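Owing to the predicted nature of the structure, the values given are computational and were not obtained by experimental measurement. These numbers come from the heavy atoms of this one structure, side chains and all, not from hydrogens, waters or symmetry mates. Numbered from 1 within each chain, the chains take letters A, B, ... in sequence-line order.
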Amino acid sequence: MDGQDRMERIVSLAKRRGFIFPSSEIYGGINGFWDYGPLGVELKRNIKDAWWHDTVRCPPPGPDGKPIEMVGLDCSIIMNPKVWEASGHLAGFTDPRIDCKQCKARFREDQLLRPFLKVLTSLPESGQMFDAMNLVTSDPPQTIPVLVDQPNREELQSVVRQFLNSKRAKVIERPQAPPVMGSAFFVVDGQKVFFLGLDLAGTVQAGELCPLCRGELTEARDFSLMLATNIGAMQDSASTAYLRPETAQGIFANYRNVLDTSRLKIPFGIAQIGKAFRNEINPRNYTFRSREFEQMEIEFFCHPSDADTWYEYWRDSRFQWYVQHGLKSDKLRLRNHEEDELAHYAASCADIEYEFPFGTSELEGIANRTDFDLKQHQEASDRDLTYFDDETKERYIPHVIEPSGGVDRAALAFLCEAYDEDEAPDDKGVMRKRTVLRFHPRFAPIKVAVFPLVRKDGMPEKARAIYARVRASLASFYDEKGAVGRRYRRQDEAGTPFCITVDGQTLEDRTVTVRDRDSLAQERIAADEVLDYVRGRL
RNA sequence: GCGGGCGUAGCUCAGUGGUAGAGCGCAACGUUGCCAACGUUGAUGUCGUGGGUUCAAGUCCCAUCGCCCGCUCCA
């Protein structure tokens, strides 16, 4: 079963069992939006509740072994647009773009471009990274005319492919801010560096020809990754507001309020779970890249000199959180960003990545954002966002460590990790395929299902009584229809860890069986102890 | 955003111009004492949507929306 096949089975199961539906499906759906069904909403809620408990209410002890201070927050999705000016999102999200109608290259209106291929003869050692922007803007290295004067897109790509296939090249992934689409660069044998890309050589305007292929260009078009809306009845530019593209800025905007009302001392963290929106160009990979998604974020404020310690603390403890909840396979990875792929606001950054069936992608990023955000907001708002330490009499802007995870991505990862097919015997002892979701019990949408073995001899009555008791404190499900084996299998597909069955013996000695989802083993316990038993194993 | 593929029942899919189907699933009843049992019965489709061609369109054409793959992008 390859990745695509596995993913299709997971998507199919998720739809069939009510985990995830396409949004507004009866109208043909809408690209980049998804709904969570009855089982999906329980899964997601369990993830969020676990996160909230494990980071806000009862976080792990700090690096010094002492308890750490955390509080929660729930900000509005729409904020004063000045927030996004200060954070840099507005500028970064709204560069007008010009597309080439022929070769489909995309340019920024006010920048750019001439294709080139450069060979640097005295450069870094094999594997060493370097800054693409510096390469472009520093003294022009030797340029060799490997390509024709006006290479088209296919030619550019084919040259890149040749290098990649030659295995002489080490590709540096995710170069920082390549000037435009289509650029790539790599190191060859520690001897020469090739940079293939587009030069910053003037501007392109609508009406001109494409510098790549001499094709026709489109008009400049706004290309915003923030979803906009209008406040009030009048729709003009003054009424434009944005759906937040991340929850973090709401925390920074409230940093002063929280500090003034909570008697917190540095270091402390503010956590928030909430929806965020990005107008992704190309939503893909099921729910992984959606236009509407939910984040669970912490902004942890600390003294600048402690930032590295807290960064490592959060990076490692967040990684462990995923491990503890079932992503313990080798599919989970911690990837530290190299210096040249760091965002402008981050001093260091690590991604917690998971190997989904469609590829390895980020679940959560942990960044040392330094004092960038608070400084930006202090300047833009003209409010004092410094912190005064009464003990040391020191005044400073705290540095911020940000663990920022995607709830939907976590849900998808746990779903993918949980999906399994194994074999179990049918009533005649023949091995049959079984589909089972091996969720961590904490995340299982249904914790316990209660069945009568058959629908007679008063078993349903006993079973319903037990169900009434357990549902008061655990997500539970009652089923008496059809054969018990079928009911077990249905719960396997939902990921229910425990099935309680009332049988003939129950009527004699008030015991029931507890069937384990993963081992299929059954244990007989007193009916009155069912609740404690299940709780003890969650 | 570009290119390719695909949209038919809840799921997986068959159906190349002439009465919309199969398997599984789902529901009801009966049977059934531990892992997708059996029997009987039943429900579910504007064939993604809109337009066109045709006596006749699930089928051919156009557009559009959605999904998948590749490219691109991911501040």
Roughly, in whole Å, what's the span from CD in A:Glu362 to C1' in B:A75?
13 Å

B:A27: pairing nucleotide in any strand, Watson-Crick or G-U under 3.5 angstrom
B:U41

If pairing requires Watson-Crick or G-U wobble contacts with both distances under 3.5 Å, which nucleotide is the partner of B:A75?
none

Looking at the angle O4'-C1'-N9-C4 for a purine or O4'-C1'-N1-C2 for a pyrimidine, is B:G25 syn or anti, with syn meaning within 90° of 0?
anti

Hey, does A:Glu423 reach any base, or is it just sugar-phosphate, or nothing, if we go heavy atoms under 4.0 Å?
nothing

Residues A:Arg464, A:Glu480: salt bridge by 4.0 Å N-O rule:
yes

Write down the distance separating the C1' atoms in B:C68 and B:C55, rounded off to the nearest Å.
39 Å

For B:G33 and B:C26, measure between their C1' atoms and round to the nearest Å.
25 Å

What's the gap between B:C61 and B:C74 when it is taken at their C1' atoms, as a whole Å value?
38 Å

Are the charged groups of A:Glu353 and A:Lys331 less than 4.0 angstrom apart, N to O?
no

Using a cut-off of 4.0 Å on non-hydrogen atoms, how would the nucleic acid contact of A:Glu25 be classed: base, sugar-phosphate, or nothing?
nothing

Taking the six-membered ring for Trp, are A:Phe288 and A:Phe356 parallel (under 30°), tilted (30 to 60°) or perpendicular (over 60°)?
perpendicular

Taking 4.0 Å as the cut-off, does a side-chain nitrogen or oxygen of A:Arg486 come that near to OP1 or OP2 on B:G25?
yes

Answer with yes or no whether A:Arg490 presents, from its side chain, a donor or acceptor under 3.5 Å of a partner atom in the base of B:G25.
no

List the steps, then state whether side chain to side chain contact (heavy atoms under 4.5 Å, CB included) holds for A:Arg434 with A:Arg489.
CA-CA 7 Å; A:Arg434 178 178 78 128; A:Arg489 298 302 171 86; 3.9 Å; yes

Partner of B:U46 under the Watson-Crick or G-U wobble criteria, both distances under 3.5 Å, comes out as none

Taking the ring of A:Phe451 and the ring of A:Tyr488, is the distance between their centroids below 6.0 Å?
yes

Nearest-angstrom distance, C1' atom, B:U59 to B:G25:
28 Å

Contact class for A:Arg515 vs. all strands (heavy atom < 4.0 Å): base, sugar-phosphate, or nothing?
base

Across every strand shown, the nucleotide meeting Watson-Crick or G-U wobble geometry with B:U19 (both distances under 3.5 Å) is none

Atom C1', compared across B:C13 and B:C71: separation rounded to whole Å
30 Å

Watson-Crick or G-U counterpart of B:C67, or none if no pair lies under 3.5 Å:
B:G5

C1' atoms of B:G58 and B:U19, separation to the nearest Å
14 Å

Distance in angstrom units between A:Arg432 CZ and B:A37 C1', rounded
9 Å

Write down the distance between CD1 (A:Ile20) and C1' (B:G10), rounded to a whole number of angstrom.
16 Å

Would you confirm whether the ring centroid of A:Trp34 sits within less than 6.0 angstrom of the ring centroid of A:Tyr286?
yes

When the C1' atoms of B:U40 and B:G21 are considered, how many whole Å apart are they?
22 Å

Base-pairing assignment for B:U54 (Watson-Crick or G-U wobble, both under 3.5 Å):
none

